[in-house]
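Below is one structure, written out as structure tokens, with a few remarks after it.
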Amino acid sequence: MRIATWNVNSVRARLPRFLPWLREAAPDVVCLQETKCRDSEFPREEIEDLGYAVEAYGQKTYNGVAILSRLPIEDVVRGLPGDGDDDERRVIGATVSGCMILCLYVVNGRAVGTERYEHKLEWLDRVRDLVQESYPMEERVILCGDFNITFDDRDVWDPERWRERILCSTPERAALARLTDCGLSDALRKFTDETGIYTWWDYRTRGFGRNQGLRIDHFLMSPPALEACVGVEVDLAARGGEKPSDHAPVIATLQD
DNA sequence: ATGGTCGCGGAGCGA
């Protein structure tokens with residue numbers, strides 16, 4: 001099974017890039033973040049025409065997640081436990097081919113020390129609680145998405161510039177560690193310990209051309225999923241060209 | 001340059 005995660009920064013604005021990519025890359029499962037539209041406005045037919053079932057959980061203007069699958073999909077869950085209808089839509093989960101998948105768009109947090117930053121840390125602990133409660137590490141469990149956190153300085157193009165800033169601060173990394181402490185591993189690090197592998201580049205600084213990026217989109221896997229995982233790749237071509245998202249897709253391949 | 005550029009929605013906010 002090949003599974004992709006991609007923060008598309010509006011699924012409707014990205015459609016001229018997304019549909020050709022989906023046709024070419026053709027992953028079995030695609031987890032999307034920042035779809036930025038209501039479920040009724042999701043470009044469902046165009047994606048179904050390529051052979052994918054569409055499960056969306058979106059809202060107007062902000063946030064929004066979705067799971068697309070060309071394999072049978074079951075047990076779809078929307079939101080975190082306790083979320084109401086007016087809460088930000090950042091989580092969708094499903095089971096595909098025996099893999100329990102959780103697609104996350106983690107709170108950005110704006111800047112260290114702000115109210116949104118504190119909310120980010122609390123929100124991550126709610127995800128941790130959900131994983132502890134409902135995702136047995138004996139199963140194939142895959143958390144993926146835009147975590148808006150770097151694991152360490154290997155994930156940062158200029159660690160000194162980013163020191164203790166948003167996406168890189170110690171409390172954020174500690175909150176991410178509390179999640180992985182449930183028994184999950186950063187799947188990319190099964191294959192390489194190199195620096196310079198990034199998934200997001202700021203539009204404003206035009207950082208992509210100079211590879212001034214951060215690795216904030218991740219696959220976290222339980223031991224059985226990690227064992228089956230034979231590769232994690234960042235699709236840099238999808239970040240180039242006309243009207244790209246500010247994130248690149250990341251694709252994981254699992255055997256069996 | 002505590003800047004810039006996107007997307008949404010039609011001004012200013014979030015990222």
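Values in this document were obtained by computation on a predicted structure and should not be read as measured data. Numbered from 1 within each chain, the chains take letters A, B, ... in sequence-line order.
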**A:R23 with A:D49: basic N within carboxylate O range, under 4.0 Å** = no
**Check ion pair A:E88-A:R116 (N to O, under 4.0 angstrom)** = yes
**Request:** Please report, rounded to the nearest Å, how far the P atom of B:dA15 is from the CG atom of A:N63.
**Result:** 7 Å
**Asked** For A:R116 and A:R165, take the nucleotide of DNA chain B holding the closest heavy atom to each; which residue's nucleotide lies nearer the 5' end?
**Response** A:R165
**Request:** Classify the angle between the aromatic ring planes of A:W201 and A:F208 as parallel (below 30°), tilted (30 to 60°) or perpendicular (above 60°).
**Result:** perpendicular
**Request:** Nearest whole angstrom, please: distance from the C1' of B:dT2 to the CG of A:D158.
**Result:** 15 Å
**Prompt:** Think A:K243 has a side-chain N or O under 4.0 angstrom from the OP1 or OP2 of B:dG7?
**Reply:** yes
**Prompt:** Which residues within residues 12-22 of chain A lie with some heavy atom under 4.0 Å of an atom in DNA chain B?
**Reply:** A:A13, A:R14
**Asked** What's the CD1-P distance between A:I149 and B:dA15, to the nearest Å?
**Response** 14 Å
**Separation of atom CZ in A:R38 from atom P in B:dC8, rounded to whole Å** = 13 Å
**Request:** Look only at the side chain of A:S10 and the backbone of A:A13, and say whether a donor-acceptor pair between them is shorter than 3.5 Å.
**Result:** yes
**Request:** Would you kindly say whether A:Q212 and A:T205 are connected by a side-chain donor-acceptor distance under 3.5 Å?
**Result:** no
**Request:** Could you tell me whether the side chains of A:N9 and A:K36 share a donor-acceptor contact shorter than 3.5 Å?
**Result:** yes
**Separation between the P atoms of B:dG14 and B:dG9, rounded to whole Å** = 14 Å
**Message:** Between P on B:dC13 and CD on A:E115, what's the gap in Å once rounded to a whole number?
**Reply:** 16 Å
**Request:** Could you work out the separation of B:dC13 and B:dG3 based on their P atoms and round it to a whole Å?
**Result:** 14 Å
**Asked** Is the shortest heavy-atom distance from the side chain of A:L179 to the side chain of A:L143 under 4.5 Å?
**Response** yes
**Message:** In whole Å, I'd like the distance from the OH atom of A:Y203 to the C1' atom of B:dG3.
**Reply:** 19 Å
**Request:** Please answer whether the main-chain N or O of A:S97 pairs with a side-chain N or O of A:R140 as donor and acceptor at a distance below 3.5 Å.
**Result:** no
**Request:** Look at the side-chain N and O atoms of A:S10 and state whether any lies under 4.0 Å from the OP1 or OP2 oxygen of B:dC6.
**Result:** no
**Message:** Does a side-chain N or O of A:K60 approach OP1 or OP2 of B:dG9 to a distance below 4.0 Å, or not?
**Reply:** yes
**Asked** Taking atom C1' of B:dG14 as reference, at what distance in whole Å does atom CG of A:N148 sit?
**Response** 11 Å
**Message:** Please report the distance separating the P of B:dG12 from the corresponding atom of B:dG4, rounded so that it comes out in whole Å.
**Reply:** 16 Å
**Message:** Given B:dT5, B:dA15, B:dG9, identify the nucleotide with an atom nearest to the side chain of A:E34.
**Reply:** B:dA15
**Request:** Between B:dG14, B:dA15, B:dG9, spot the one nearest the side chain of A:Y105, thanks.
**Result:** B:dA15
**Message:** Heavy atoms within less than 4.0 Å of DNA chain B: which residues of residues 204-218 of chain A have one? Give them sorted by number.
**Reply:** A:R204, A:T205, A:R206
**Message:** Expressed as a whole number of angstroms, how long is the span from A:Y117:OH to B:dA15:C1'?
**Reply:** 17 Å
Less than 3.5 Å apart, which donor and acceptor atoms pair up between the side chains of residues 215-233 of chain A and the rest of the protein, not counting sequence neighbours?
| unit_1 | atom_1 | unit_2 | atom_2 | d |
| --- | --- | --- | --- | --- |
| A:R215 | NE | A:D155 | OD1 | 2.9 |
| A:R215 | NH1 | A:D186 | OD1 | 3.2 |
| A:R215 | NH1 | A:H218 | ND1 | 3.3 |
| A:R215 | NH2 | A:D155 | OD1 | 3.3 |
| A:R215 | NH2 | A:D155 | OD2 | 3.4 |
| A:R215 | NH2 | A:D186 | OD2 | 2.6 |
| A:D217 | OD1 | A:T199 | OG1 | 2.6 |
| A:D217 | OD1 | A:H247 | ND1 | 2.9 |
| A:D217 | OD2 | A:H247 | ND1 | 3.3 |
| A:H218 | NE2 | A:I149 | O | 2.8 |
| A:S222 | OG | A:E139 | O | 2.6 |
| A:S222 | OG | A:V141 | N | 2.9 |

**Message:** Check this for me, if you would: do A:R126 and A:D129 make a salt bridge, where the nitrogen-to-carboxylate-oxygen distance has to be below 4.0 angstrom?
**Reply:** no
**Asked** If the C1' atom of B:dA15 is compared with that of B:dT2, how far apart are they to the nearest Å?
**Response** 16 Å
